[in-house]
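Model, not experiment: these values are computed from the prediction. The basis for the numbers below is simple: all heavy atoms, side chains too, and nothing from hydrogens, waters or symmetry mates.
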Amino acid sequence: MPDDIRDTAPNLEDVDYDELSEFFEKKGAVELISLLDGEGYRFDEIDDLLDVSRGYLNDRRDEAVHLRLIVPDQAYRDDSVRRVWTLTTLGHYLRQRMRHLGVTESHERLITARREYEDRKGDFLEWVDDPESIEAYAEDLRAGNQVHPKELPPKLQDLFRRIDDDRF
């Protein structure tokens with residue numbers, strides 16, 4: 001095998017299954033392996049996507065390297081070669097099982113929900129920072145104005161009725 005190609009195929013006899021099991025019991029371990037894929041992620045990208053402290057993340061990364069679940073690699077990003085972390089073959093095997101059990105899909109939804117929450121929280125914080133907006137909103141509520149729609153607009157109601165009619 002050429003020197004520039006790394007063979008990450010595991011020798012299953014060398015795997016410490018107790019240590020592997022203990023690793024996945026720790027905070028951030030499942031999340032780290034679930035996130036990684038064949039493309040690899042920079043540490044900062046991992047840190048941004050996972051809701052785990054940087055200290056825990058550093059520990060899990062080091063432990064995952066020790067267990068031969070991930071390896072540092074290089075990828076072309078931002079017009080330069082960057083260090084990324086990617087799964088080894090054993091890491092892929094374990095992530096595949098996570099995928100089969102729905103762990104990776106659930107984790108992806110969790111990441112998306114966190115992003116959506118942060119976006120909406122930002123919108124709220126921007127709104128709450130404007131006293132005139134708060135006063136106008138409060139006045140509308142006091143006056144009994146419909147501030148938030150209680151029903152879908154007629155066009156959407158009609159669309160949903162047609163979809164329901166088509167299904168039945």
Side-chain angles (χ1 to χ4, degrees), residues 1-130 133-134 137 148-149 152 156 160 163 167:
M1 179 175 301
D3 290 339
D4 63 339
I5 298 177
R6 190 175 330 156
D7 181 13
T8 64
N11 180 349
L12 297 177
E13 294 173 9
D14 294 338
V15 175
D16 184 336
Y17 293 101
D18 290 333
E19 192 175 6
L20 188 67
S21 180
E22 288 173 13
F23 168 75
F24 280 107
E25 292 290 329
K26 295 178 181 177
K27 182 175 177 121
V30 171
E31 293 85 348
L32 175 61
I33 302 304
S34 175
L35 174 70
L36 294 178
D37 56 23
E39 299 295 314
Y41 285 85
R42 293 178 50 208
F43 187 80
D44 287 343
E45 293 170 329
I46 297 169
D47 188 33
D48 288 344
L49 291 170
L50 298 185
D51 190 28
V52 178
S53 76
R54 200 170 185 97
Y56 280 121
L57 195 52
N58 275 317
D59 291 346
R60 296 304 87 84
R61 180 199 57 203
D62 294 346
E63 292 164 353
V65 168
H66 169 74
L67 290 167
R68 297 186 191 118
L69 299 175
I70 67 173
V71 291
D73 206 350
Q74 295 181 345
Y76 189 74
R77 304 257 174 92
D78 305 323
D79 296 326
S80 62
V81 176
R82 304 284 184 162
R83 175 184 233 178
V84 296
W85 295 93
T86 189
L87 295 172
T88 63
T89 303
L90 178 59
H92 277 288
Y93 292 165
L94 298 173
R95 186 177 186 278
Q96 183 64 25
R97 182 63 176 162
M98 287 181 188
R99 191 167 160 248
H100 175 76
L101 294 171
V103 174
T104 55
E105 181 183 344
S106 294
H107 189 242
E108 288 166 4
R109 285 195 314 263
L110 182 61
I111 289 171
T112 301
R114 275 194 205 107
R115 285 181 180 160
E116 185 177 297
Y117 167 75
E118 289 300 326
D119 289 346
R120 291 179 180 187
K121 179 181 170 184
D123 292 345
F124 172 75
L125 292 174
E126 186 177 310
W127 174 83
V128 81
D129 194 37
D130 180 10
S133 294
I134 297 170
Y137 183 77
H148 306 287
L152 292 173
L156 280 177
F160 285 128
I163 290 171
R167 284 193 349 204

Run E118 and R115 through salt bridge (charged side-chain N to carboxylate O under 4.0 Å, His left out) and show every step you take. CA-CA 5 Å; E118 289 300 326; R115 285 181 180 160; over 6 Å; no
OG1 (T104) and CG (D37) are apart, to the nearest 0.5 Å, by 10.5 Å
Looking only at non-hydrogen atoms, find the nearest pair between S133 and D130 and report the distance. OG-OD2, 2.7 Å
Under the criterion side chain to side chain contact (heavy atoms under 4.5 Å, CB included), which of T88, V84, I70 is the partner of L36? I70
Hey, could you give me the CD/OG distance between Q74 and S80, rounded to the nearest 0.5 Å? 10.5 Å
Using 0.5 Å steps for rounding, measure from the CZ atom of R120 to the OH atom of Y117. 12.0 Å
On a heavy-atom basis, the closest approach of L49 and L35 is CD1-CD1, 3.8 Å
Rounded distance (nearest 0.5 Å) linking atom CD of E63 with atom CG of L69: 10.5 Å
Least distance between heavy atoms, R60 atom then F23 atom: O-CE1, 3.5 Å
Between I134 and W127, does the side chain to side chain contact (heavy atoms under 4.5 Å, CB included) criterion hold? Intermediate values first, please. CA-CA 8 Å; I134 297 170; W127 174 83; 3.8 Å; yes
How about L67 and E19: do any of their side-chain heavy atoms sit closer than 4.5 Å? yes
If you look at every heavy atom in L12 and Y17, which pair is closest and at what distance? O-OH, 3.2 Å
For E108 and R95, work out which heavy atoms get closest and say how close. OE2-NH2, 4.1 Å
Derivation and outcome, side chain to side chain contact (heavy atoms under 4.5 Å, CB included), residues L20 and L94: CA-CA 10 Å; L20 188 67; L94 298 173; 4.0 Å; yes
Taking the side chain as every heavy atom from C-beta outward, state whether I46 and W85 have any pair of such atoms under 4.5 Å apart. yes
Do the side-chain N and O atoms of T112 and R114 include a donor-acceptor pair separated by under 3.5 angstrom? no
Working note: R54 + D44, criterion salt bridge (charged side-chain N to carboxylate O under 4.0 Å, His left out); need CA distance, chi angles, decisive distance, verdict. CA-CA 9 Å; R54 200 170 185 97; D44 287 343; 3.1 Å; yes
Verdict with supporting geometry, K26 and E22, salt bridge (charged side-chain N to carboxylate O under 4.0 Å, His left out): CA-CA 7 Å; K26 295 178 181 177; E22 288 173 13; 6.0 Å; no
Taking the side chain as C-beta and beyond, is there a heavy-atom pair between H107 and E31 under 4.5 Å? yes
Supply the atom-to-atom distance L87 CG to S34 OG, rounded to the nearest 0.5 angstrom. 9.5 Å
What's the shortest heavy-atom distance between F24 and A29, and which atoms? CA-CB, 3.8 Å
Chi angles and distances behind the side chain to side chain contact (heavy atoms under 4.5 Å, CB included) call for R83, D73: CA-CA 6 Å; R83 175 184 233 178; D73 206 350; over 6 Å; no
So do the side chains of V52 and L32 get within less than 4.5 Å of each other, counting heavy atoms only? no
Rounded to the nearest 0.5 Å, what separates atom CG in D119 from atom NZ in K121? 12.0 Å
Check the pair V71 / V65 against side chain to side chain contact (heavy atoms under 4.5 Å, CB included), numbers first and verdict last. CA-CA 6 Å; V71 291; V65 168; over 6 Å; no
